[in-house]
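Just so you know, residue 1 is the first one in the sequence shown, and it goes up from there.
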Amino acid sequence: MTFPTRRLLCGLGLTFAAAAAQADVLLDQTFSAGLGSFTTTGSVSTGSYGARMTASLFSADGAIRSAPISTVGFSNLTLQFSRSSTGLDTGEAGIVEFSTNGSTYTVLESSASASGPATFALPTTAAGQATLYIRFRVNANSSTESYTVTNARLEGTRTGTPPPTGSLTDPGTGPWTLVSPSNVANECKLDPSALQQANRTLGLSYAIVRYGKLCHEYYPSGRDSASQVYSTTKTMGALTIGALIHQTRNLTPTTTRKRGPLGEFQRIDHWLDSFTFHRDSTTAHVLGMVSDASSSLSYPNREFVYDTVGSDAINRLSDVVNTVVAQDTTRLGSNIGAFWTRYLAQPLGFENSTWGTSSSSKNFATSWQTTIRDMARLGLLMNNGGVWGGQRLVDVNYLYNLAHTSFEDANTRYGYLTWLNEADSCAPKPQYRSYPHGPVSGAPNCGRTTGCPAQQYDVGVFFAAGLGGQYIIVHRGLDMVIVVKDSGGQSGEEPGRFWQAIRPAVVALDPTYRGNNTAFCAAYGAGNYAPDLKLWEGNR
């Protein structure tokens, strides 16, 4: 046998307990559709019955272990599951246990005959840990003997630690000032030697903004100039919509077509006379890229199809903006180009950016010509909750929705013309506090196959992405924006590659996990660590 010898539950003072009231879920796995984040040893199968671990006489017995779970910020941990066994004899057992280091385990139950649902209260030593592993296994001697578990659920109560607070900073409309390499450690909490290694590892043009400062930039050719950044234009276009929502917020709502404020949950036919996508589409449906491909816009029937060049639906947002600003051209500008310049480009201090060649018609899919430094301004605007130079530029509720899944049944990795982290386990995933969210979603949960564990901080990483490897990546919990140009790749994994190279510079000077990448990733990746979070308006 490859696991510790059999032992009975004793001396731990563990008792069956009711689940904590108003608890948050840190792990929720039925195993009916696979193992999710669990890994296996020996013979394991899954199905409608759950996860079945089969014993073996000559090799490892079946076992499953969870991915590391951070319990930082949680107490009163309880583990619920249902179990059954087949053919286990005296001295054999189905075992459930936990570990905080992945090697030394504490047994919660070891039994040959226990069956049905159970709930165990974990000891206080399991709380406040950067890593917690839950393991189920069988300890027996025959392939006819097995242990089956289903509906595993770990819950905990938040300790109530207040989120970090602090002021939001930006360069205003003036030029960026690069932090001196000698001050990077002090002002940016970034290790200079690790940054130099990141330069060598990545070998591409990139910049890091932290605490509102341009902390580091690297250009293999020695310079950066304005160039096409392709689909990162989509996120900039989405922010233009958010700016218009903010600027028209005080107009009187009305059912009169082509009048009133712009709203994200407002029907598109309030502004457009005709269009080719779903007739019941709202602005949110267009931004979430479900309006053209979906025959039904009700949960769970929506379909996501990426609108690569904007011809499916999103370019019609240009016409929507033109219709909205026509109500007050003196204040809002004569068309979308004038509005974008007045309420986004100029306040952000764009130094070298153009959006297409037409002022009256904008391509929301592509055509932004810009530099890394201007891309960094857009990223910092999102990091700072839509505020720049002390003034709100983008509606905060809209921006929050932009950075979270718009329609879980269609694509869990997409917000409003913006991508969301789901591939990188060392970065938090955007997840709403409660479901359903928003007037048009209807999604009962986060929609991820790996489940929706509770997160202490709502700081999921999101990013703009463009053809050829153009990225603007926002790490709110670290008050940091990473900008990359021309990496050559375009996928959900690319931001994780950049983060892996840059992360040592962050972890080396982290106040809690200094130099401990594993512990840092376990806490930050689970959404339970946000040392530099600046809350947005409304405690978002």
Side-chain angles (χ1 to χ4, degrees), residues 1-20 23-29 31 35-42 44 50-51 53 55 60-85 88 91-140 147-157 159 453-454 516 518-519 521-523 526 528:
M1 301 297 174
T2 58
F3 291 104
T5 55
R6 307 174 183 89
R7 50 182 172 160
L8 297 176
L9 174 65
C10 61
L12 294 175
L14 299 177
T15 58
F16 290 98
D24 285 300
V25 179
L26 284 76
L27 169 72
D28 191 5
Q29 186 63 53
F31 304 115
L35 290 169
S37 61
F38 278 72
T39 56
T40 68
T41 301
V44 178
M53 293 148 280
D61 290 340
I64 59 174
R65 190 182 82 164
S66 71
I69 304 163
S70 173
T71 61
V72 175
F74 293 92
S75 61
N76 301 322
L77 300 173
T78 59
L79 177 65
Q80 308 167 40
F81 60 97
S82 290
R83 73 281 203 229
S84 62
S85 57
L88 298 186
E92 299 176 332
I95 301 168
V96 58
E97 52 198 357
F98 74 91
S99 171
T100 57
N101 58 19
S103 58
T104 304
Y105 283 83
T106 299
V107 174
L108 296 174
E109 181 182 63
S110 178
S111 173
S113 59
S115 65
T119 302
F120 287 94
L122 274 63
T124 56
T125 54
Q129 299 293 327
T131 59
L132 177 74
Y133 299 89
I134 302 296
R135 186 167 73 179
F136 300 95
R137 62 186 178 93
V138 64
N139 192 354
Y147 178 56
T148 302
V149 296
T150 187
N151 297 327
R153 185 180 178 95
L154 179 67
E155 295 184 345
T157 303
T159 58
N516 190 337
T518 299
C521 284
N528 295 329

Would Leu132 and Leu27 satisfy side chain to side chain contact (heavy atoms under 4.5 Å, CB included), going step by step from the backbone distance to the final call? CA-CA 11 Å; Leu132 177 74; Leu27 169 72; over 6 Å; no
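- Contact record, Ala60 with Thr41: CB-CG2, 3.8 Å, taken as the closest heavy-atom pair.
- Ser113 OG to Glu92 CD: the interatomic distance, rounded to the nearest 0.5 Å, is 12.5 Å.
- Partners of Ser82 under the side chain to side chain contact (heavy atoms under 4.5 Å, CB included) rule, at least two apart in sequence or in another chain, are Pro117, Thr150.
- The shortest distance between side-chain heavy atoms of Thr71 and Leu122 does not fall below 4.5 Å.
- Of the inter-residue distances, the one linking Tyr133 atom OH with Ser66 atom OG reads 8.0 Å to the nearest 0.5 angstrom.
- Nearest heavy-atom pair across Ala63 and Arg137 is CB-CB, 3.5 Å.
- Heavy-atom minimum distance, Thr100 versus Ala126: CG2-CA, 4.4 Å.
- For Ala526, the side chain to side chain contact (heavy atoms under 4.5 Å, CB included) partners at least two apart in sequence or on another chain are Ser70, Asn528.
- The two residues Leu88 and Ala112 make their nearest non-hydrogen contact at CB-O, 3.8 Å.
- The structure places CD1 of Ile95 at 10.0 Å from CD of Glu109, a figure rounded to the nearest 0.5 Å.
- Across Asn139 and Asp61, no two heavy atoms sit closer than the pair CA-OD2, 3.4 Å.
- To the nearest 0.5 Å, atom OG1 of residue Thr119 and atom CG of residue Leu79 are 8.0 Å apart.
- For Ser103, the side-chain hydrogen bond (donor to acceptor under 3.5 Å, both in side chains) partners are Asn101, not counting sequence neighbours.
- For the side chain to side chain contact (heavy atoms under 4.5 Å, CB included) test, residues two or more places apart in sequence or in another chain that qualify with Ala519 are Ala130, Tyr513, Asn516.
- Residues satisfying the salt bridge (Lys or Arg N to Asp or Glu O under 4.0 Å) test with Arg153, not counting sequence neighbours, are Asp28, Glu155.
- Contact record, Pro123 with Phe98: CG-CZ, 3.5 Å, taken as the closest heavy-atom pair.
- Residues forming a ring pair (Phe, Tyr, Trp, His ring centres under 6.0 Å) with Phe74 (at least two apart in sequence, or on another chain): none.
- Phe31 and Phe136 have perpendicular rings, their planes meeting at more than 60° on a 0 to 90° scale where under 30° would count as parallel.
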